[in-house]
Amino acid sequence: MKFITKVGIVLVALALATGTYAYYEYNQIIKSEPSIQVFTFNDQAIEYKTATVEYSVLGGLIPFDHKYNQDEVLTFNTDQIVNNLLVNPETNVKVTTPSQKVIVSRGSQTLVFDEDGKYKVEIDEKLDWSIAHYEFFVDVNNLPNITISNLTPYQGEVLIIDISNIKQNSTIEVQNQFSPSVILQQTYTARFYLPMEFKTEAKSYPLTITINNKTYVYTLDVKAYDFNKQYFSIDATIIKNTTGNPVAINEFRATIHPLYATAEPVEYWQGNFIVPVINARISSNFGDMRFINGAKTPSRHSGIDYAISCGTDVSASNSGKVDYAGFLILTGNTVVIDHGLGLKTTYLHMKDLTVKTGDKVNKGQLIGHVGTTGVSTGCHLHFQAMIKTQQFNPNSLYHIE
Ligand SMILES: [Zn+2]
C-alpha cells in the first residue's frame with residue numbers, strides 16, 4: 001500500500017513537473033519571434049517579414065503551429081530556365097511545378113524551371129527548437145534568347161546563331177533558303193552556323209527559327225562583297241592534265257565531294273580558328289573572279305591562297321579529324337579536316353603530308369608543308385572552308401569561337 005502510494009506520488013509529481021515544463025517552454029516560445037532568415041532567389045534577397053514556425057515541445061511530444069501572417073506570400077517573376085536559390089545548408093527545399101510534380105532537395109539549389117506557369121517553393125529550416133517554414137511562388141514565362149552574329153552579312157560570311165534559355169532536347173528548325181550546319185544542342189542552349197556563299201545574291205531574305213512550335217522571324221540583308229578580278233595564264237599542258245582532264249576532275253569529285261555531305265552532331269574544334277601558315281602573302285582571296293588564259297566567264301576562287309616558300313609548315317586551323325589525306329591529280333597533296341557539325345577545312349597543293357586519313361588532329365598541329373602540287377603556279381597553300389557543300393570565306397572562321 002505504502003509502495004503504491006509512493007509510486008502514485010512520484011507519477012503525479014512527474015506529471016506536474018512535465019506539465020510545468022511544457023507550460024514554461026510554451027511561454028518562452030510564444031514570447032520569442034521566429035528566426036527570420038534571408039535567402040536569395042537569382043541574387044535577389046527574399047526578406048521575409050513573416051514566416052510560419054512549428055515548435056516541437058519536449059522532443060516532439062507536444063507539437064503545435066505558431067503562425068505569422070501566412071497570407072503574405074511573395075511572388076517572383078522569372079524568364080530564366082536555370083535559377084539559383086541560396087539557402088542555409090541544413091535546409092529542405094520543396095518545389096511544386098505547375099504540373100504538380102514535386103521536387104525535394106536540401107541546401108542551396110540550381111532550380112530548373114522549364115515549364116511555364118506558377119511554381120510553389122517551400123523552404124523548411126530546422127532551428128534549435130522549431131522548424132521555420134517559408135514559401136513563395138515563382139511565375140515562369142520562358143522565352144528563348146536568340147542571338148544572330150550579323151543581320152547584314154557580306155556574301156561569303158558565316159553567321160553564328162546562338163540560342164539560350166531553352167529546354168533540353170528542344171525541337172529547333174530553321175527555314176530559309178540557306179543551309180545551316182548541324183544544330184548543336186547542349187544543356188539549355190543551342191548553336192548553329194549559317195554560311196553565305198559568294199554566289200548568294202545580295203538582297204533580303206527571311207530567316208525563320210522555330211523552337212518547340214514557336215516561331216521567330218528575322219530578316220537577313222546580304223550585302224554585295226567587292227570581289228577581286230584576277231587575270232592570269234596557266235601553261236596549256238598543266239590545264240590539259242588537270243582542270244581539262246576528266247580523269248582528274250572525276251577523281252576529285254569521287255574522293256572529296258562525298259566528304260562534304262557528311263556532318264556529325266559534335267563540335268571537335270576549340271576556340272577560334274587559326275591561319276594555317278604564318279607570315280604568308282595572300283595571293284588570291286575568297287570569291288575572286290579568275291580569268292584564266294583569257295576565259296570569258298571567270299571561274300571563282302573557292303578559298304584563300306597563302307603564298308610562301310615551299311617547305312613552310314602547314315598547321316591544322318583547328319582540332320578535328322582527318323577525313324582525307326592523300327594525293328589527287330587536280331589538287332596535289334590534299335587534306336580535309338572535319339571539325340564537326342558539317343564544318344570542314346581543306347588544304348591543297350602541299351609538298352608532303354604528315355597526317356593520314358582517320359587521324360585526330362589538334363589545333364596548330366603540323367599536317368604537311370607548303371608545295372606547288374596539282375594545279376598550281378607557285379608555292380602556296382590553298383585554304384578552303386566549307387559547311388556541308390557550301391563554300392564560305394575562311395576569314396569568317398577566324399571570328400568563330
Ligand atoms: Zn587557291
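Every number for a ligand or one of its atoms is a count from 1 in the order of the listing. Quantities reported herein were computed from a predicted structural model and do not represent experimental measurements. Heavy atoms only: backbone and side chains are in, while hydrogens, waters and symmetry mates are out.
- When the Zn ion (ligand 1) is compared with the N/O/S atoms of D305, atom OD1 turns out nearest.
- Among heteroatoms of the N, O or S kind in H382, ND1 lies nearest the Zn ion (ligand 1).
- Applying the ring pair (Phe, Tyr, Trp, His ring centres under 6.0 Å) test between F178 and each of Y193, F192, Y205 identifies Y205 as the sole match.
- No donor-acceptor contact under 3.5 angstrom links the side chains of T208 and Y218, judged on distance only.
- Atom CG of N279 is surrounded by 12 or fewer heavy atoms from other residues, nucleotides or ligands within 6.0 Å.
- In I278, the CD1 atom is not crowded: 12 or fewer heavy atoms of neighbouring residues, nucleotides or ligands sit closer than 6.0 Å.
- Taking backbone and side-chain atoms together, H301 has an N/O/S atom less than 2.8 Å away from the Zn ion (ligand 1).
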